[in-house]
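Below you'll find the structure, written out as structure tokens, and then a few comments.
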Amino acid sequence: MRRSAEFGLVMRKGRRAGRESLGVILMAPGTPGTDPPRVGFVVSKAVGGAVVRKRVQRRLRHLMRDRIASLQPGSLLVVRAKPAAARLGYETLAEHLDGALAAARRPRSGAPRRRKGRGGDHQADR
RNA sequence: GGAGUCGGCCAGGCGGUCGCGGCGCCGUCAGGGCGUCGAGGAAAGUCCGGACUCCACAGGGCAGGGUGGUCGGUAACACCGACCCGGGGCGACCCGCGGGACAGUGCCACAGAGAGCAGACCGCCACCGUUCGCGGUGGUAAGGGUGAAACGGUGGUGUAAGAGACCACCAGCGGCCGGAGUGAUCCGGCCGGCUCGGUAAACCCCACCCGGAGCAAGGUCGAGAAGGAGGGCUCCGGCCCUCCGCGCGGACGAUCGAGGGCGGCCCGCCCGAGGUCCGCGGGUUGACCGCACCGAGGUCGCCGGCAACGGCGGCCCCAGAUGGAUGGCCGCCCGGCCCCUUCCGAGGGGCCGACAGAAUCCGGCUUAUCGGCCGACUCCCCCU
RNA sequence: GCCCUCGUAGCCCAAUGGUAGAGGCAGGCCCCCUAAAAGGGUCACAAGUGUCGGUUCGAGUCCGACCGGGGGCA
């Protein structure tokens, strides 16, 4: 993803899930689209200096390369790095990403926790 | 062998595998293939100086900012080099915002008698008085005390006690002369009055320099409602004609002139109307150029110069995006530290390998930085 | 990327270069009240001025260099 408007759309409407080192916001299409899925990354200044930020972003991009095929066509995903991601190794980062992705995809079909979500959107604002 | 000073350089290496961006060629409906290039000494902070772009450039005056030993270097600089002066170090060498305090103004708290042209608390000395404890008047500034700073230092003459009051030497100030140097300045000699504080990173004076903004500059196209479309002429700067469009609120205004320009202000000059200014609202968050660049360019050699640097010649073309490429993972080697084993040769294991990533481009400065290499030099000890 | 600003008690903020520092809110203690709030009284016990240098006899103030906030420009 390379447009600010797309990032804004996902941040508003997407489904959120997080781990210690990162958070993901996934927006699956209402009807399965034909476009390939797209991913964007957000690494803020709180994570570290320019060198640290870029290393985190590059690792995340390489991790997503192997996982992008598992996303539904037409879906948009934002991966947001937290400060803890700077200290983590490649393997742990991969675990966190897989966990967060699974959590973001689960709720609609899985057992609803705590609140009965009528529209999944409310959960994004938690 | 030990301790140290200065300068320069490097920024782990090799391989495997999966990838990314630019350009060129091939090629496709599309995807793509091949070749080639792809971070730093600080790319950083944005502190200076330029290039470049736009705006403004009749003239005069006043402000404002910057620089500050001298001579060079440079496109320019607040940078660099050499030298001078002052300070530090045994030394190699290092440090210095290093013009002017007789152009003027201001300030110098507290303490202290007195703080900038003066001054007398304790003292010292003379005279007078005395209840013999001391008090008064005058002289004095050597000694004590205060302070960051107290109006030269040492020795002598002198005196009631003293004092540049006088003398010698020294320090400092001013003037003149001679010599060396482009110059800052240095060396030497003579004379003078006898001493004349500090602060200009206080105002200021002197000399020199400086128009404003910044690539989010600026331009083209598209879109749009705040401007545009079409046509003609042109000395290429623009000019003329036709047509369509121009939200809301407020203020001022037609020659006795609203307002605008001369990017700080004033004078002065120019422009100037059925408009000008201010505020609010609305639109634009698209694409392309600028911009990936033959340049104050890099590199090698020779020459000039103490050097900074310059000249000539050969060779090279050297990152470039716009959610922003230059990478992820693995193995071996290299360097350092720690632990275990040891037949003292070594073997095994673990950890660490800095600071940090281009965004218009250059020249500097400053700041961050694990470790290593090279060269020149100084001091001390030992051996020959 | 470029430009502009600001750092003083827990918070908001004063301080001609002069003993290092004024207020307000908050806070401590006391009174009032059965108790609390409000109110009244009282205290400075709360800072060494973002950090490091320099100028000066003396720096929060003047001059550098860093550090950290905030804002603007398509």
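A, B, ... follow the sequence lines: proteins, then strands. Residue 1 opens every chain.
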Under a 3.5 Å limit for both distances, which nucleotide forms a Watson-Crick or G-U wobble pair with rC186(B), could you say?
rG179(B)

Donor-acceptor contact present, side-chain Arg65(A) to main-chain Arg61(A), <3.5 Å
no

In dot-bracket notation, what is the pairing pattern of RNA chain C, taking Watson-Crick (N1-N3 plus N6-O4 or O6-N4) and G-U wobble (N1-O2 and O6-N3) contacts under 3.5 Å, with [ ] crossing and | for other strands?
(((((((..(((.....[....))).(((((.......)))))......(((((..]....)))))))))))).

Would you please name every residue forming a side chain to side chain contact (heavy atoms under 4.5 Å, CB included) with Ala85(A), sequence neighbours left out?
Ser21(A), Val56(A), Ala81(A), Leu93(A)

With Glu20(A) via side chain to side chain contact (heavy atoms under 4.5 Å, CB included) - residues at least two apart:
Ala84(A), His96(A)

Please say yes or no: joined through hydrophobic side-chain contacts below 4.5 Å, possibly via intermediate residues, are [X] and [Y] part of one cluster?
{"X": "Leu77(A)", "Y": "Leu60(A)", "answer": "yes"}
{"X": "Val42(A)", "Y": "Leu26(A)", "answer": "no"}
{"X": "Leu76(A)", "Y": "Leu101(A)", "answer": "no"}
{"X": "Leu88(A)", "Y": "Met64(A)", "answer": "yes"}

Distance between the [atom1] atoms of [N] and [M], in whole angstroms?
{"N": "rG40(B)", "M": "rA319(B)", "atom1": "C1'", "answer": "12 Å"}
{"N": "rC32(C)", "M": "rA38(C)", "atom1": "C1'", "answer": "11 Å"}
{"N": "rC190(B)", "M": "rA171(B)", "atom1": "P", "answer": "13 Å"}
{"N": "rA42(B)", "M": "rC37(B)", "atom1": "C1'", "answer": "24 Å"}
{"N": "rG335(B)", "M": "rG12(B)", "atom1": "C1'", "answer": "8 Å"}
{"N": "rC85(B)", "M": "rC373(B)", "atom1": "C1'", "answer": "40 Å"}
{"N": "rG87(B)", "M": "rG69(B)", "atom1": "C1'", "answer": "16 Å"}
{"N": "rA358(B)", "M": "rU74(B)", "atom1": "P", "answer": "35 Å"}

Relative to the 5' end of RNA chain B, which residue comes earlier, Arg55(A) or Gly49(A), by the nucleotide with the nearest heavy atom?
Arg55(A)

The residue, Val52(A) or Val43(A), whose nearest nucleotide of RNA chain B is more 5′ is Val43(A)

Mind checking if Arg58(A) touches a base, just sugar-phosphate, or nothing, with heavy atoms under 4.0 Å?
base

In whole angstrom, give the distance that lies between atom [atom1] of [X] and atom [atom2] of [N].
{"X": "Arg59(A)", "N": "rG327(B)", "atom1": "CZ", "atom2": "P", "result": "13 Å"}
{"X": "Tyr90(A)", "N": "rG327(B)", "atom1": "OH", "atom2": "P", "result": "16 Å"}
{"X": "Glu95(A)", "N": "rC329(B)", "atom1": "CD", "atom2": "P", "result": "15 Å"}
{"X": "Arg61(A)", "N": "rG19(B)", "atom1": "CZ", "atom2": "C1'", "result": "9 Å"}
{"X": "Phe41(A)", "N": "rG328(B)", "atom1": "CZ", "atom2": "P", "result": "14 Å"}
{"X": "Leu63(A)", "N": "rC18(B)", "atom1": "CG", "atom2": "C1'", "result": "13 Å"}
{"X": "Gln57(A)", "N": "rU322(B)", "atom1": "CD", "atom2": "C1'", "result": "13 Å"}
{"X": "Arg67(A)", "N": "rC18(B)", "atom1": "CZ", "atom2": "C1'", "result": "14 Å"}

So does Arg53(A) get a side-chain nitrogen or oxygen closer than 4.0 Å to the phosphate oxygens (OP1/OP2) of rG357(B)?
no

Calculate, to the nearest 0.5 Å, the distance between atoms CZ and CD1 belonging to Arg80(A) and Ile25(A) respectively.
6.0 Å

Residue His62(A), side-chain atoms from C-beta onward, closest of rG323(B), rG327(B), rC20(B):
rG327(B)

Could you check which of rA358(B), rA356(B), rG328(B) has an atom nearest any side-chain atom of Val51(A)?
rA356(B)

